[in-house]
Amino acid sequence: YDSCPRAYQHYYVEGWRPIAKRPPLLFGEAVDRALTALFQRDADPVAVFAEAWEALKDVPVPWGKRHTWEALRDIGHGVLARYVAEERPRFSEVRPECVQRPLSADVAGTTVIGYPDLYAHVDGLRTLVDFKTAQASYDPEEVRLNEQLTAYWWLLEANGLPVDRVAFCVLLKLKEP
């Protein structure tokens with residue numbers, strides 16, 4: 001929404017999807033599929049990512065010089081393995097129905113719709129988590145002012161799901177995760 005409200009409208013409200021996707025989007029979708037499988041059915045996210053990524057091997061997209069299909073495959077394996085080892089133990093009371101749960105609420109006659117990635121306890125606090133893949137960590141000010149997290153927080157509260165904190169979980173696309 002930040003960069004283009006119309007794109008948000010087309011994608012989330014009207015359900016339009018781009019025909020051609022670029023490697024960063026494909027990577028993010030494969031990681032998203034892996035994390036969804038982890039939290040919905042306790043599946044191995046590395047194996048889910050590997051299967052999703054393998055299906056993209058022959059997709060005609062402009063792979064970069066640094067981020068080739070192979071390089072992104074290795075980065076995905078590494079970042080997900082590290083996430084499971086270091087971050088997953090902090091999560092508790094994860095309910096499958098709170099993973100990418102469709103939420104909606106009305107504001108002044110307009111329906112707001114959102115699909116937060118995860119609502120669970122993290123370090124004992126009821127937390128809204130939005131997963132991202134990126135080249136670098138997010139700037140703290142950018143996080144504080146993020147409309148997506150604010151909208152998800154509001155939607156959870158409007159649907160009777162209290163939130164103690166909101167967070168981005170940024171998985172960095174680095175050679176060494």
Side-chain angles (χ1 to χ4, degrees), residues 11-12 15-103 113-138 143 146 148-149 152 155-156 161 163-177:
Y11 190 87
Y12 289 104
W16 294 7
R17 298 297 183 262
I19 294 172
K21 296 181 180 176
R22 297 182 321 166
L25 183 57
L26 295 172
F27 181 82
E29 287 177 349
V31 168
D32 182 68
R33 184 175 297 152
L35 292 171
T36 298
L38 168 67
F39 288 112
Q40 280 187 335
R41 38 181 224 278
D42 203 29
D44 174 8
V46 176
V48 172
F49 175 84
E51 181 180 332
W53 199 247
E54 187 65 33
L56 300 171
K57 189 172 190 172
D58 297 321
V59 172
V61 297
W63 299 103
K65 291 179 183 173
R66 194 173 98 194
H67 284 146
T68 63
W69 180 88
E70 293 83 3
L72 287 170
R73 176 199 59 205
D74 295 344
I75 289 169
H77 288 175
V79 75
L80 287 165
R82 184 172 177 189
Y83 174 81
V84 168
E86 296 178 10
E87 299 297 327
R88 176 61 178 101
R90 299 173 58 200
F91 290 72
S92 63
E93 298 186 40
V94 177
R95 298 188 342 244
E97 66 272 12
C98 288
V99 179
Q100 294 189 353
R101 178 180 179 162
L103 297 172
I113 301 168
Y115 300 85
D117 286 340
L118 181 63
Y119 173 72
H121 282 75
V122 180
D123 299 331
L125 297 173
R126 293 170 298 201
T127 306
L128 157 66
V129 181
D130 195 53
F131 293 100
K132 301 289 185 193
T133 58
Q135 288 292 116
S137 296
Y138 283 27
V143 174
N146 187 274
Q148 182 183 21
L149 283 179
Y152 286 165
L155 281 168
L156 284 162
L161 299 167
V163 177
D164 296 322
R165 68 177 172 188
V166 298
F168 279 132
C169 180
V170 182
L171 290 84
L172 297 178
K173 293 185 280 188
L174 304 173
K175 208 170 203 172
E176 288 296 320

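With hydrogens and angles disregarded, no donor-acceptor distance shorter than 3.5 Å links the side chain of Arg82 to the backbone of Ala85. Judged by distance alone, with hydrogens and angles left aside, the side-chain atoms of Asp164 form a donor-acceptor pair with the main-chain N or O of Arg126 at under 3.5 Å.
Within the 4.5 Å cutoff, side-chain heavy atoms of Pro45 are placed close to those of Val84. When side chains are defined from C-beta on, Arg33 does not count as touching Phe49, because their heavy atoms never get closer than 4.5 Å. Proximity of Leu118 to Val94: side-chain heavy atoms (C-beta onward) are separated by under 4.5 Å at one or more points. Contact annotation: the side chain of Val31 approaches that of Leu80 to within less than 4.5 Å [non-hydrogen atoms, C-beta and beyond]. Side-chain atoms of Trp53 and Leu26, non-hydrogen and from C-beta on, do get closer than 4.5 Å to each other. You'll find the side chain of His121 stays beyond 4.5 Å of the side chain of Phe91, heavy atoms only.
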side-chain contact (heavy atoms from CB on, under 4.5 Å) between Asp130 and Leu149, intermediate numbers included: CA-CA 8 Å; Asp130 195 53; Leu149 283 179; 3.9 Å; yes

Intermediate values then yes/no, side-chain contact (heavy atoms from CB on, under 4.5 Å), Val99 and Asp117: CA-CA 6 Å; Val99 179; Asp117 286 340; over 6 Å; no

Stepwise side-chain contact (heavy atoms from CB on, under 4.5 Å) test for Tyr152 and Val166: CA-CA 9 Å; Tyr152 286 165; Val166 298; over 6 Å; no

Pair Leu156-Arg101, side-chain contact (heavy atoms from CB on, under 4.5 Å): steps then yes or no: CA-CA 10 Å; Leu156 284 162; Arg101 178 180 179 162; 5.7 Å; no

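Between Leu161 and Tyr119 the shortest heavy-atom distance is C-OH, 3.7 Å. Annotation for Leu103 and Pro116: closest pair CD1-CG, 3.8 Å, computed over non-hydrogen atoms. Across all their heavy atoms, Leu56 and Trp69 have their closest contact at C-NE1, 3.7 Å. When all heavy atoms are compared, the tightest approach of Leu172 to Ala136 is CD2-C, 3.4 Å. Pairing each heavy atom of Glu87 with each of Arg90, the nearest pair is OE1-NH1, 2.6 Å. Of all non-hydrogen atoms in Leu38 and Tyr83, the two that sit nearest each other are CD2-CE2, 4.0 Å.
In this structure, CH2 on Trp63 lies 12.5 Å from CZ on Arg22, to the nearest 0.5 angstrom. Thr133 OG1 to Lys173 NZ: the interatomic distance, rounded to the nearest 0.5 Å, is 4.5 Å. To the nearest 0.5 Å, atoms OG (Ser137) and NZ (Lys132) are separated by 14.5 Å.
Residues satisfying the salt bridge (Lys or Arg N to Asp or Glu O under 4.0 Å) test with Asp42, not counting sequence neighbours, are none.
Electrostatic pairing of Asp123 and Arg165 counts as a salt bridge here, judged by a charged N lying under 4.0 Å from a carboxylate O. A salt bridge is defined here as a Lys NZ or Arg NE, NH1 or NH2 lying under 4.0 Å from an Asp or Glu carboxylate O, and Glu70 with Arg73 fails to meet this definition.
None of Leu35, Thr36, Val170 except one satisfies the side-chain contact (heavy atoms from CB on, under 4.5 Å) rule with Phe131; the exception is Leu35.
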